[in-house]
Amino acid sequence: MITLTLPDGSTRTHPEGVTGRELAASLSAALAREAVAIKLNGRLMDLDRPIREDAAVAIITPRDDDADALYVIRHSCAHVMAEAVQRLYPGTRLVYGPPLLEDAKYGFYYDVDAPEAITVDDLPRIAAEMEKIIAEDRPFGRREMSREEALRCLVGDPYKTDNVTNADGDVISFYTQGVVGQDFEDLCMGPHVPSTGWVRHFKLQNVAGSYWKGDENLSRLQRLYGNAFATAAGLQAHDRLMAELARRDHRRIGRDLDWFSFHPEAPGHAFWHPRGTILYQVLSDYIRAACRARGYEEVRTPTVLKRFLWERSGHWDNYKDKMYHFERERESYAVKPMNCPGSVVIFQAGHHSYRDLPRRWAELGFVHRHESGGEVQGLLRVRGFTQDDAHIYCAPDQVEDEAVTLIDFVFDVYRTFGFENVHVELSTRPEKHMGSAEHWDLSERALLGALARKKIDYKLNPGEGAFYGPKIDFHLTDCLNRRWQCGTIQVDFNFPEKFDLTYADRDNQPKRLVMLHRTILGSFERFLGILIEHYAGALPVWLMPVQVRVASLTERQLGAAAALAERLSGAGVRAEADLRNEKVGLKVRDAERDKIPYLIVLGDREVTSGMLAVRGRGRRDLGTMAPEAFLEHVRREIAEQTLP
RNA sequence: GCUGCAGUAGCUCAGGGGUAGAGCACAUCCUUGGUAAGGAUGAGGUCGGGGGUUCAAUUCCCCCCUGCAGCUCCA
């Protein structure tokens, strides 16, 4: 007899060899009906596999909030899709088909080597074939053999042979959908749902290219993406999420609201339209003021600098293929991909006393990086962008305090924009690093100390630091729970060494200083892209390019509407007038489309009474108010950076 | 950079070997209106660029550019 411990802590005694299915049946008929797999001591297993020893057991049922259930269902769905593909495209070799749990969009994929091209137009056919397989409701069966046997079975299949060679353990398993030797079978460690009928709520989503083992020198494969859920509601929720992603796409919003555009004349660069430029401007005003309030000075360094600087900084060796560079009158130049070398040139040009440290030099520098073609994506990955960069020159014993201050700064900024949920990662000394162990210890201790003092939970990435020093990265979480890396604090003693940066200490001896590189927003472009998606274009009032629109009701109010817009503009509110010869319904609709925070409709009534009829973004009728009261309200929202 | 797919009016898209169409947007006129689309008329396109096949190419083929989805990268 063996003792099985259930998730609620209770125990059951069963004969050795009892299966998950039998265990479920002993608990309740409903559970037996519902069960798709079990988790045995933390490992997912098929329902039919015998349990041979005392263990903690959980019965997995189809629930969309259970990652284990989704894992099994999606994995099984990938197998069903594989069978459908092989039926429709005979000769297709299967390569690798894992479930995905982290991805917002896709739930699984299967890389296949098919004799012909499969396009998205073929997905409905494949899905229809899958429906047949699901209707046949054939059982998933597990077959185990030794590695040698498995290799014999897979002769002629380079992909699966490779998978077997790399597989852990000595037992290799195959899963059949139906009868062994007759129906579809795939090498797989499992587990799977009891039968193909358990895969119901799925969707095939996309086809894309991929490579065997991600290596472009190896075979080109086709990757078929799909998703599957435990319930119809789960699938529906996913459809809604997909629609939401499309609705929030910053590229579409940027075009619709006339904020920015992209053109072949400068691929990978945003062209900021007048309204979008206001966003850029407001953001720089904000970050400048925030830096000034925290003891920063601002510097500006050249865009084009001579090559020898980049050679000295190490960028020429490590970053050359992403740099724009050229010759001019037999001199070599490069366009800056980073601001640090320029900052260092300024620092080097003077003598520095310990009394002056730390020096915090911010630079809103525009940098160019030639990201390769396939990597460029809207504002989120561009080739030219403004960094809210800063370099802090400090004594080694000041690093921790500076890091503490910076952490506060970062959280403050994110909170201002409505991002409360920030994920922090600390990356430490990589295998290939430079600088002394002493330096590394000091820097890592400083960052760790700062995180501890701020009581911040973080993820540790051992060995993931930059070669010149450890770093803290800040990822903010948007309304769809997506994480975006924005801020970073990097300790650097490489630059101070290379450029011989020193300060005169109390004893009048030159001492080596430490440099911190930091960004908070990261890049203006990227940060604005994230903001736009987070708010679906309906940004907080203080950021909106147009904050108030005044709509005339009839021709009689043309003058009054224009005058009101003027008055608001004069009072520091970004306002415009909608004087078109159109009905209010249309003007309201357009104001909503343009995400205008406040729409004021001026009719005879308002002109006569001197009051304003105010409508807030999103069906909010704010009633009538006096112009002074409205102005006061909007100006307070702007000043206080109120969130919607 | 690699793979696949795409590029037709400002936007979203239809079409198809015989030099082009819709809706929205835009302009003008009618309407003078009360909180998510009033009506009419009109203007707008070397069908991404270059080459090839053809009597004829926007349509078929090749190359390039750009975009999208992935892969890979992400000091």
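Below, chain A is the first sequence line, B the second, and so on; all start at residue 1. Predicted, not measured: the structure shown is a model, and the values here were computed from it.
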Item to complete: State the pairing partner of B:G7; accept Watson-Crick or G-U wobble contacts with both distances under 3.5 Å, and report none otherwise.
Response: B:C65

Discussion item. Under a plain distance cut-off of 3.5 Å, with no hydrogens placed, do A:K471 and A:T428 share a side-chain donor-acceptor pair?
Written reply: no

Worksheet item: Parallel under 30°, tilted from 30 to 60°, perpendicular over 60°: which one fits the rings of A:Y109 and A:Y96?
Response: perpendicular

Discussion item. What is the distance, to the nearest angstrom, from the CZ atom on A:R381 to the P atom on B:C68?
Written reply: 13 Å

Worksheet item: Does any donor-acceptor pair link the side chain of A:E606 with the base of B:G34 at a separation under 3.5 Å?
Response: yes

Worksheet item: Does a side-chain N or O from A:R580 land closer than 4.0 Å to OP1 or OP2 of B:A37, or not?
Response: no

Response to the item:
To the nearest angstrom, the CG-P distance between A:L380 and B:C74 comes to 19 Å

Worksheet item: Which base sits across from B:A43 as a Watson-Crick or G-U pair, both distances under 3.5 Å?
Response: none

Discussion item. Counting only side-chain nitrogens and oxygens, does A:K105 get under 4.0 Å of the OP1 or OP2 atom of B:G70?
Written reply: yes

Fill in: Length of the line joining A:E555:CD and B:C29:P, which is rounded to integer Å
10 Å

Worksheet item: Side-chain N or O of A:R251 less than 4.0 angstrom from OP1 or OP2 on B:C68?
Response: yes

Worksheet entry | Whichever of A:R383 and A:L602 has its nearest RNA chain B nucleotide further upstream toward 5' | A:R383

Fill in: B:C2 pairs with, by Watson-Crick or G-U criteria that keep both distances under 3.5 Å
B:G70

Worksheet entry | Heavy-atom side-chain proximity of A:R255 to A:R252 below 4.5 angstrom | yes

Practice prompt. Just say parallel, tilted or perpendicular for the rings of A:F495 and A:F499, cut-offs at 30° and 60°.
Written response: parallel

Worksheet item: Taking N and O atoms by type only, does the side chain of A:R593 place a donor or acceptor under 3.5 Å from a partner on the base of B:C24?
Response: no

Discussion item. Determine whether a donor-acceptor pair (one donor, one acceptor, N or O, separation below 3.5 Å) exists between the side chain of A:Q222 and the base of B:U3.
Written reply: no

Practice prompt. Could you state the atom-to-atom distance from CD of A:E265 to P of B:G67 in whole Å?
Written response: 11 Å

Practice prompt. Would you state whether a donor and an acceptor, one from the side chain of A:N581 and one from the base of B:G33, lie under 3.5 Å apart?
Written response: yes

Discussion item. Which label fits A:H368 and A:Y324: parallel for a plane angle under 30°, tilted from 30 to 60°, or perpendicular past 60°?
Written reply: perpendicular

Practice prompt. Return yes if the base of B:C71 and the side-chain atoms of A:Y211 contain a donor-acceptor N/O pair under 3.5 Å, otherwise no.
Written response: no

Discussion item. On the nucleotide B:C71, are OP1 or OP2 found under 4.0 Å from the side-chain N or O atoms that A:R223 carries?
Written reply: yes

Practice prompt. Classify the angle between the aromatic ring planes of A:Y535 and A:F419 as parallel (below 30°), tilted (30 to 60°) or perpendicular (above 60°).
Written response: tilted

Worksheet item: Side-chain N or O of A:Y225 less than 4.0 angstrom from OP1 or OP2 on B:G4?
Response: no

Discussion item. Does either side chain, that of A:S261 or that of A:H263, offer a donor lying less than 3.5 Å from an acceptor on the other one?
Written reply: yes

Item to complete: Figure out the CG/C1' separation between A:L599 and B:G34, and round it to whole Å.
Response: 12 Å

Worksheet item: OP1 or OP2 of B:G70 less than 4.0 angstrom from a side-chain nitrogen or oxygen of A:Y106, does that happen here?
Response: yes

Discussion item. When both hydrogen-bonding distances must be under 3.5 Å and the geometry is Watson-Crick or G-U wobble, what is B:A36 paired with, if anything?
Written reply: none

Practice prompt. Give the nucleotide from the list B:A36, B:G38, B:C11 with an atom nearest to the side chain of A:E592.
Written response: B:A36

Worksheet item: Pick the nucleotide of RNA chain B nearest each of A:G603 and A:G268; which residue has the one closer to the 5' end?
Response: A:G603

Worksheet item: When all nucleic acid strands are considered with a 4.0 Å heavy-atom cut-off, which category describes A:H517: base, sugar-phosphate, or nothing?
Response: nothing

Practice prompt. Mind checking A:N206 for me? I need base, sugar-phosphate or nothing, with any heavy atom below 4.0 Å counting as a touch.
Written response: sugar-phosphate

Worksheet entry | Options B:C71, B:A36, B:G34, nucleotide nearest the side-chain atoms of A:R615 | B:A36

Item to complete: Using a cut-off of strictly less than 4.0 Å, decide whether A:R252 has a side-chain nitrogen or oxygen near OP1 or OP2 of B:U12.
Response: no

